[in-house]
Number of protein chains: 2
Amino acid sequence: MNSSIEQKTRVGVLNDYLSVDCVIFGFDFNQLNVLLVDRVMVDELTGKELFNDLTLTGNHIYEDEDLDEAAARVLFDLTGLQDIYLEQFKTFGAPDRIKRENDRAWLAANGRDPDKRIVTVGYYSLLATDKVTLEWKGRNVRWTPVAGVRDLAFDHMDIFQEALVALRKKLLREPIGFELLPEKFTLSQLQRLYEVILGVELDKRNFRKKVARMKYLVPLDEKQKGVAHKPARLYNFDRDLYELNRKELLDFAI
Amino acid sequence: MNSSIEQKTRVGVLNDYLSVDCVIFGFDFNQLNVLLVDRVMVDELTGKELFNDLTLTGNHIYEDEDLDEAAARVLFDLTGLQDIYLEQFKTFGAPDRIKRENDRAWLAANGRDPDKRIVTVGYYSLLATDKVTLEWKGRNVRWTPVAGVRDLAFDHMDIFQEALVALRKKLLREPIGFELLPEKFTLSQLQRLYEVILGVELDKRNFRKKVARMKYLVPLDEKQKGVAHKPARLYNFDRDLYELNRKELLDFAI
DNA sequence: TTTAATAGTGTAAAAATTACACTAAGATTT
DNA sequence: AAATCTTAGTGTAATTTTTACACTATTAAA
């Protein structure tokens, strides 16, 4: 859920057996991407690069911090953004979660016991890619299309895939697509969003017929600018109208 | 997911900051119920009863135990049952999760520090009420209709309500209703199940028309026995047929 | 002015949903 | 053995939703 908690400077104690990891999804009007962070390990003596791979972002939680707060903080620390959609989707706690040699070496080098189980609470967050300034605080982060994600550190591949499954399920039932778009968007952008996340092709006319029934998707008196073709009408999602008109979806399948 | 892990006798160390709690749902062909456990606290000196309320079942996890295993163990310890449907739905970790006086006293009396945050991973499980022998191991447990649940210990009311929301959402999209029924069931029983869990009334003819399209719901050459009215045909859910025929539900709403 | 690119629109057939009321079969009661 | 009670089981017509499908409109760029 959206956090409207001001980020405060924390002075407390980090809990060293409990963390949050955050799968940050971003839509760029074309693909669904995930924000990954470089992890480079260098031999302390020789200075030689031992490995260089990618991780999700995450951190241990402070003793006085709620789980949702910790996720919002982790997201803020990486992107500088607040009040971003965040959803807890699954907790990972296999005793052997971290077993690969690289990961154990990394933990050891960072003062942690690689044999100690760390339970991590998985969150995903949704935003439009252009909200993120990739140079924030100098960490090396990059957007990667979800179809091209491989070989993440720790069990982050697993966490990432579960996040994607959870996102797809949620998108089928709840109006969260808008979290991945700017305030004003075109119907083609919205259609593309559903297509790339659900992995389907949708018919343009049928898509428009369907959304035309949703009165909380309101057409604005405004058009796209700066495109080299017929500019499309802009829409926005009216959450209040949605909450008023939502008929609880109760047609079950199966 | 179903656990097919044999319950072994654990000798390890309990992790004292991490627990699982299990919301055990049971359907009795009439209502959705939840299995609750009596919690009685007695003054050690006077022998006077200090309070007497209800809790979900839960326990801390062993250091060598996966989260799903811990949930299955907790369920087994209360009911003696294995291979029961279990679903992780949310993790609860507010620093002030446990703040009521009764709960703090209870923790203190049981050798725990009431000020230490315990993070608990919530699971729900689904079964037909008559699978449970309420006298198992002499713990005082009872089925309570979900509409009548109040005043649970700790933050169990919160956990229970979130479990119910998660169950409802899942029931709309996935074939989990059958986990609450015996192997063979009637269509009226199935209809009642959807009605009481989703809180709606369904038209009998339309319900039957709808399920008739689901080929994995197979009519048996067998009828209900021992009822004082026209006995209904029995059906069963063929999971293999379901997996084969499932067209990924991709009609999004919203 | 031409070209390239995407926006935007309608219709007919099929499928799904909705609202609605009576007969059938068995156990129980009289 | 007849009557009664209780739940099982069934069809149809109207409405809504879904599906498949192709052309014109508008803007910027060449």
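The shown structure was predicted, so the numbers you read here are calculated from the model rather than taken from an experiment.
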Can any side-chain N or O of A:E87 pair as donor or acceptor with the backbone N or O of A:Y124 at less than 3.5 Å? no

For B:E183, enumerate each residue passing the salt bridge (charged side-chain N to carboxylate O under 4.0 Å, His left out) test, keeping only those at least two apart in sequence or located in another chain. none

Starting at atom CZ of A:F207, determine the distance to atom P of D:dA20, rounded to an integer number of angstrom. 16 Å

What do the steps show when you test A:Y194 against B:F252 for ring pair (Phe, Tyr, Trp, His ring centres under 6.0 Å), and what is the final call? CA-CA 9 Å; A:Y194 278 92; B:F252 59 95; 4.4 Å; yes

Starting at the 5' end of DNA chain D and moving along, which residue's nearest nucleotide shows up first, A:D203 or B:A232? B:A232

d(NZ, A:K204; P, D:dT19) in whole Å: 19 Å

In whole angstroms, the gap separating C1' of D:dA8 from CD of B:Q191 amounts to 12 Å

Face-on cation placement of A:R39 at A:F154 ring, 6.0 Å and 45° thresholds: yes

A:V121 versus A:D21: any side-chain heavy-atom pair under 4.5 Å? no

What is the distance from CZ of A:R233 to P of D:dT26, rounded to the nearest Å? 13 Å

Calculate the interatomic distance between A:N206 atom CG and D:dT16 atom C1'; express it in whole Å. 14 Å

Length of the CG-P vector between B:L220 and D:dA8, whole Å: 16 Å

Salt bridge (charged side-chain N to carboxylate O under 4.0 Å, His left out): pairs with one or both residues in residues 187-209 of chain B, sequence neighbours excluded: none

Does anything in residues 146-165 of chain B form a salt bridge (charged side-chain N to carboxylate O under 4.0 Å, His left out)? List the pairs, not counting sequence neighbours. B:K90-B:E162, B:R97-B:D155

Using a cut-off of 4.0 Å on non-hydrogen atoms, how would the nucleic acid contact of A:R208 be classed: base, sugar-phosphate, or nothing? base

B:R213 or B:R205: which one's nearest nucleotide on DNA chain C is closer to the 5' end? B:R213

Residue pair B:D77 / B:N59, side-chain donor-acceptor N/O under 3.5 Å: no

Outer limits of DNA chain C sitting under 4.0 Å from a non-hydrogen atom of chain A, read 5' to 3', are C:dA5 to C:dT11

Got a sec, which residues hit side-chain hydrogen bond (donor to acceptor under 3.5 Å, both in side chains) with A:Q161, two or more places apart in sequence or on another chain? none

The correct set of residues in residues 221-230 of chain A placing a heavy atom under 4.0 Å from DNA chain D is A:V227, A:A228, A:H229, A:K230

